[in-house]
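Report on one structure; see the data block that follows.
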Amino acid sequence: MNSKLFRKVERALEGCTVGAKISVSLSPEEGFGRHDPGLTFTDDLDNVPEQFHHLGAQLEAQNAKGEQPTFVVTQISETTLTVNANHPLAGQTVSFEVTVQNIRDATPAEVRSGEPGATGHSLQ
């Protein structure tokens, strides 16, 4: 399991003991980024395969840079369908309320990588 935390949350947890409670708010820039209107597209419903004609349907498309963002169907009207590749929390300030329930030493792989949840294995 790879459990990446936002850096601001990690900093707030440093030095905490079991039972400690922290509250952290992240701006869009610190969290899920600003909403990018360039990642939202609307097309005629007739141009979209039937299998994507429901809210929440996901599809991947490759852009000119070779990236493959996942688009989610977010709106359907009688004639159009809208997809969005922004994170659902993009553009929002998010808040975390955390209670430390357990503390353990980092594994050797986590120490080497500097990342929690690191296993030392790579998938290639």
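As the structure is a prediction and not an experimental result, all values here were calculated from the model.
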**Message:** So, using side chain to side chain donor-acceptor pair (under 3.5 Å) as the criterion, who are the partners of Glu30 when residues are at least two apart?
**Reply:** Lys8, Ser27

**Fill in**
Rounding to 0.5 Å, atoms CD (Glu14) and CZ (Arg11) come to a distance of 8.0 Å

**Message:** Check for me, please, whether Ile103 and Val111 land in the same ILVMFWY cluster - side-chain distances under 4.5 Å, paths through other members count.
**Reply:** no

**Message:** Per the salt bridge (Lys or Arg N to Asp or Glu O under 4.0 Å) rule, what does the pair list look like for residues 89-108, sequence neighbours excluded?
**Reply:** Arg104-Glu110

**Message:** Taking the basic N atoms (NZ, or NE/NH1/NH2) and the acidic carboxylate oxygens, is any pair closer than 4.0 Å for Arg7 and Glu10?
**Reply:** yes

**Prompt:** Of the non-hydrogen atoms in Ala12 and Cys16, which two are nearest, and what is the gap between them?
**Reply:** O-SG, 3.5 Å

**Message:** Tell me every residue that passes side chain to side chain donor-acceptor pair (under 3.5 Å) with Ser25, counting only those two or more places apart in sequence or in another chain.
**Reply:** Ser95

**Request:** Can you run down the salt bridge (Lys or Arg N to Asp or Glu O under 4.0 Å) pairs that involve residues 33-42, sequence neighbours left out, and say none if there aren't any?
**Result:** Glu29-Arg34

**Hydrophobic cluster (4.5 angstrom, side-chain heavy atoms) - remaining members for Phe71** = Phe41, Leu45, Val48, Phe52, Leu55, Leu59, Val73, Ile76, Leu81, Val83

**Prompt:** Considering residues at least two apart in sequence or located in another chain, which fulfil the side chain to side chain contact (heavy atoms under 4.5 Å, CB included) criterion with Val98?
**Reply:** Leu13, Ile22, Phe96

**Message:** Going by the rule side chain to side chain donor-acceptor pair (under 3.5 Å), which residues pair with Thr17 if we only count those two or more places apart in sequence or in a different chain?
**Reply:** none

**Request:** Take Leu26 and Thr93 through the test side chain to side chain contact (heavy atoms under 4.5 Å, CB included) and record every step on the way to the result.
**Result:** CA-CA 6 Å; Leu26 302 177; Thr93 297; 6.0 Å; no

**Request:** Report yes if some heavy atom in the side chain of Asn84 is under 4.5 Å from a heavy atom in the side chain of Val72; otherwise report no.
**Result:** no

**Request:** Can you sort out the partners of Thr74 under side chain to side chain donor-acceptor pair (under 3.5 Å), two or more places apart, ordered by chain and number?
**Result:** none

**Asked** Between Gln101 and Val18, which heavy-atom pair has the shortest distance, and what is it?
**Response** O-CG1, 3.9 Å

**Request:** Using the salt bridge (Lys or Arg N to Asp or Glu O under 4.0 Å) rule, collect all pairs that involve residues 38-48, keeping only residues at least two apart or in two chains.
**Result:** none

**Complete:** Note: Pro69 and Ala85 closest approach over all heavy atoms is CB-CB, 4.1 Å

**Item:** Qualifying residues under side chain to side chain contact (heavy atoms under 4.5 Å, CB included), relative to Thr70, sequence neighbours excluded
**Value:** Gln58, Glu60

**Asked** How far does NE2 of His35 sit from NE2 of His87, to the nearest 0.5 angstrom?
**Response** 12.5 Å

**Request:** Mind checking side chain to side chain contact (heavy atoms under 4.5 Å, CB included) for Ser77 and listing every partner two or more places apart, or none if nothing turns up?
**Result:** Thr79, Thr80

**Item:** Qualifying salt bridge (Lys or Arg N to Asp or Glu O under 4.0 Å) pairs, either residue in residues 64-86, two or more places apart
**Value:** none

